There are 2 protein chains.
Amino acid sequence: MKVSTKGRYAIRLMIDIGIQSNGYVRLKDVARRQEISIKYLEQIVGLLQKAGLLLSSRGAHGGYRLSKDPYDYNMGEILKATEGSLSPVSCLEDEVNNCLRYNICSTIKFWQGLNDVINEYLDNHTLGELMEIEKNLKEKNIDYSI
Amino acid sequence: MKVSTKGRYAIRLMIDIGIQSNGYVRLKDVARRQEISIKYLEQIVGLLQKAGLLLSSRGAHGGYRLSKDPYDYNMGEILKATEGSLSPVSCLEDEVNNCLRYNICSTIKFWQGLNDVINEYLDNHTLGELMEIEKNLKEKNIDYSI
DNA sequence: TGATTTCCTAGTAAACCCATAGTATAATCA
DNA sequence: TGATTATACTATGGGTTTACTAGGAAATCA
Ligand code: FES
Ligand code: FES
């Protein structure tokens, strides 16, 4: 019942890129700030870009930037892009690969309910919100250091 | 973000044992009804018993039975006994193995919120409820077969 | 051209999941 | 008591997933 590093790193990466407001952000810098291997970030960022959540620019002075307003991203779409399905049991996954016990199963409704509360939470929180928290946190840290 | 088979099988096993109202239930029968390997069930049942959720009786006519009223079990405790911690990120796990970025992390509140909605859902659903669904399902199936 | 940065594909060590095997131990009944 | 039945406990292995690491091709800019 864990979100993998891919999903967690993706969120931190999106916040980091979103907060650098000007132009494209190099992965090298994200890696340094977030203390995550650049090679691993490359893989994660590939998933986000394929899902249309990030835009890229190759070559010198290249990098990544958000493809839309931070408040238009919900956490569900970011996690789904990196984690795949978020449903807590595979029986809920898709119609193709259906569970054989689906019709005689007394637990599926219970799992469906869990899936619903998880998705409702994730879909109602935006990247913009988390960026605000990050900004506040940074200000506080600057205050303390004075 | 998946509940493993251990947790899912544990719930089905608890429902199965709970529904056989008289005396101890043999694992062999549970295995047959639920189509789960008896040897794998042994491992799972061991965890549930250690957590005090089941009582066992060895020897002939032995087996397992619930240790309390079905409505006094919530799904959270059953899953915790088999899955371990249910928190969606390890940063929330325990104070001992703390995340180094905890104090400068802008995402921890978000994860805490997710953890809260999950636990609220799980703690507010009981084994008794699921047993009712199972009973209704059985009745329906009997009706159809007539 | 040369420096830089993304993009793509393999590879790997460790962890975890699922299941099987075998032995030990206890209860029951003839 | 001795045979039978049934659970407890321990060990182990194959398969999959996770979390990285590595190398190099392709694209872009100065
Ligand atoms: S076991 Fe798959 S639907 Fe319940
Ligand atoms: S990364 Fe551990 S608390 Fe945020």
Side-chain angles (χ1 to χ4, degrees), chain A residues 1-13 17 20 23-32 34-65 67 79 82-86 88-90 93 97 99, chain B residues 1-10 12-13 17 20 23-32 34-65 67 79 82-86 88-91 93 97 99:
Chain A
M1 217 20 201
K2 286 271 176 297
V3 173
S4 74
T5 52
K6 261 185 192 160
R8 282 165 20 223
Y9 291 177
I11 290 179
R12 281 163 56 190
L13 174 133
I17 288 178
Q20 318 292 324
Y24 288 93
V25 181
R26 292 183 302 175
L27 227 44
K28 199 173 139 188
D29 293 332
V30 178
R32 180 174 37 76
Q34 298 297 326
E35 303 174 278
I36 302 171
S37 141
I38 189 169
K39 283 295 186 182
Y40 196 30
L41 277 181
E42 279 181 13
Q43 290 180 23
I44 295 167
V45 95
L47 297 169
L48 293 168
Q49 197 210 19
K50 211 180 295 174
L53 305 181
L54 283 177
L55 299 175
S56 71
S57 166
R58 286 183 164 197
H61 305 288
Y64 296 90
R65 66 177 177 84
S67 63
L79 287 175
T82 46
E83 296 273 305
S85 163
L86 294 178
V89 296
S90 54
E93 218 95 284
N97 186 18
C99 176
Chain B
M1 217 22 201
K2 286 272 178 296
V3 172
S4 76
T5 52
K6 259 185 196 164
R8 293 184 346 245
Y9 290 177
R12 282 165 55 191
L13 173 132
I17 289 178
Q20 317 292 325
Y24 288 93
V25 181
R26 290 185 301 176
L27 226 44
K28 198 173 139 188
D29 295 332
V30 178
R32 179 173 40 76
Q34 299 297 324
E35 304 174 276
I36 303 170
S37 138
I38 189 169
K39 286 296 184 182
Y40 195 31
L41 278 182
E42 278 182 16
Q43 286 181 25
I44 296 167
V45 96
L47 297 168
L48 294 168
Q49 197 210 17
K50 213 181 294 177
L53 305 182
L54 283 177
L55 299 176
S56 70
S57 166
R58 286 187 165 197
H61 304 290
Y64 294 90
R65 67 176 177 83
S67 64
L79 287 174
T82 45
E83 295 274 305
S85 163
L86 294 178
V89 296
S90 54
C91 306
E93 216 94 288
N97 187 17
C99 176

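Values in this document were obtained by computation on a predicted structure and should not be read as measured data. So that the names make sense, note that chain A is the first sequence line, chain B the second, and so on, each numbered from 1.
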Original post:
Within less than 4.0 Å of OP1 or OP2 of dT6(C), is there a side-chain N or O belonging to Ser56(A)?
Top reply: no
Subject >> Set of residues satisfying side-chain hydrogen bond (donor to acceptor under 3.5 Å, both in side chains) with respect to Lys6(A), sequence neighbours excluded >> reply: none
**OP:** Would you mind reading off the distance between Met1(B) atom CE and dC17(C) atom C1', rounded to a whole angstrom?
**Re:** 18 Å
Subject >> Under-4.0 Å side-chain N/O to phosphate OP1/OP2 contact, Gln49(A) with dT6(C) >> reply: no
Original post:
Within this structure, what is the CZ-to-C1' distance between Arg65(A) and dT6(C), rounded to whole angstrom?
Top reply: 15 Å
Subject >> Under the side-chain hydrogen bond (donor to acceptor under 3.5 Å, both in side chains) test, residues paired with Gln43(A) that sit two or more places apart >> reply: none
Subject >> Length of the CD1-C1' vector between Ile17(A) and dT5(C), whole Å >> reply: 13 Å
**OP:** Under 4.0 Å between any heavy atoms, over every strand shown, what does Tyr9(B) touch: base, sugar-phosphate, or nothing? Just pick one.
**Re:** sugar-phosphate
Original post:
Contact class for Gly63(A) (heavy atom, under 4.0 Å): base, sugar-phosphate, or nothing?
Top reply: sugar-phosphate
Subject >> Gap between atoms CD and C1', on Glu83(A) and dT18(D) respectively (whole Å) >> reply: 11 Å
Would you tabulate the side-chain donor-acceptor contacts of residues 44-65 of chain A under 3.5 Å, counting partners in other chains and residues two or more places apart, or write 'none'?
unit_1   : atom_1 : unit_2   : atom_2 : d
Gln49(A) : NE2    : Ser56(A) : OG     : 2.5

Original post:
dT5(D) C1' sits how many Å from Asp29(B) CG, rounded?
Top reply: 13 Å
**OP:** Pull out every residue in residues 36-44 of chain A that has a heavy atom closer than 4.0 Å to any atom of DNA chain D, ordered by number, or say none.
**Re:** Ser37(A), Lys39(A), Tyr40(A), Gln43(A)
Output a table of nitrogen or oxygen pairs between the protein and nucleotides 26-30 of chain D separated by less than 3.5 Å.
unit_1  : atom_1 : unit_2   : atom_2 : d
dA27(D) : O4'    : Arg58(A) : NH1    : 2.5
dT28(D) : O2     : Ala60(A) : N      : 3.3

Name every donor-acceptor pair, under 3.5 Å, that has one atom in a side chain of residues 34-41 of chain A and the other anywhere in the protein, sequence neighbours excluded.
unit_1   : atom_1 : unit_2    : atom_2 : d
Gln34(A) : OE1    : Arg12(A)  : NE     : 3.1
Gln34(A) : OE1    : Arg101(B) : NH2    : 3.4
Gln34(A) : NE2    : Asp16(A)  : OD2    : 2.9
Glu35(A) : OE1    : Arg101(B) : NH1    : 2.5
Ser37(A) : OG     : Lys39(A)  : N      : 3.2
Ser37(A) : OG     : Tyr40(A)  : N      : 3.1
Tyr40(A) : OH     : Thr5(A)   : OG1    : 3.0

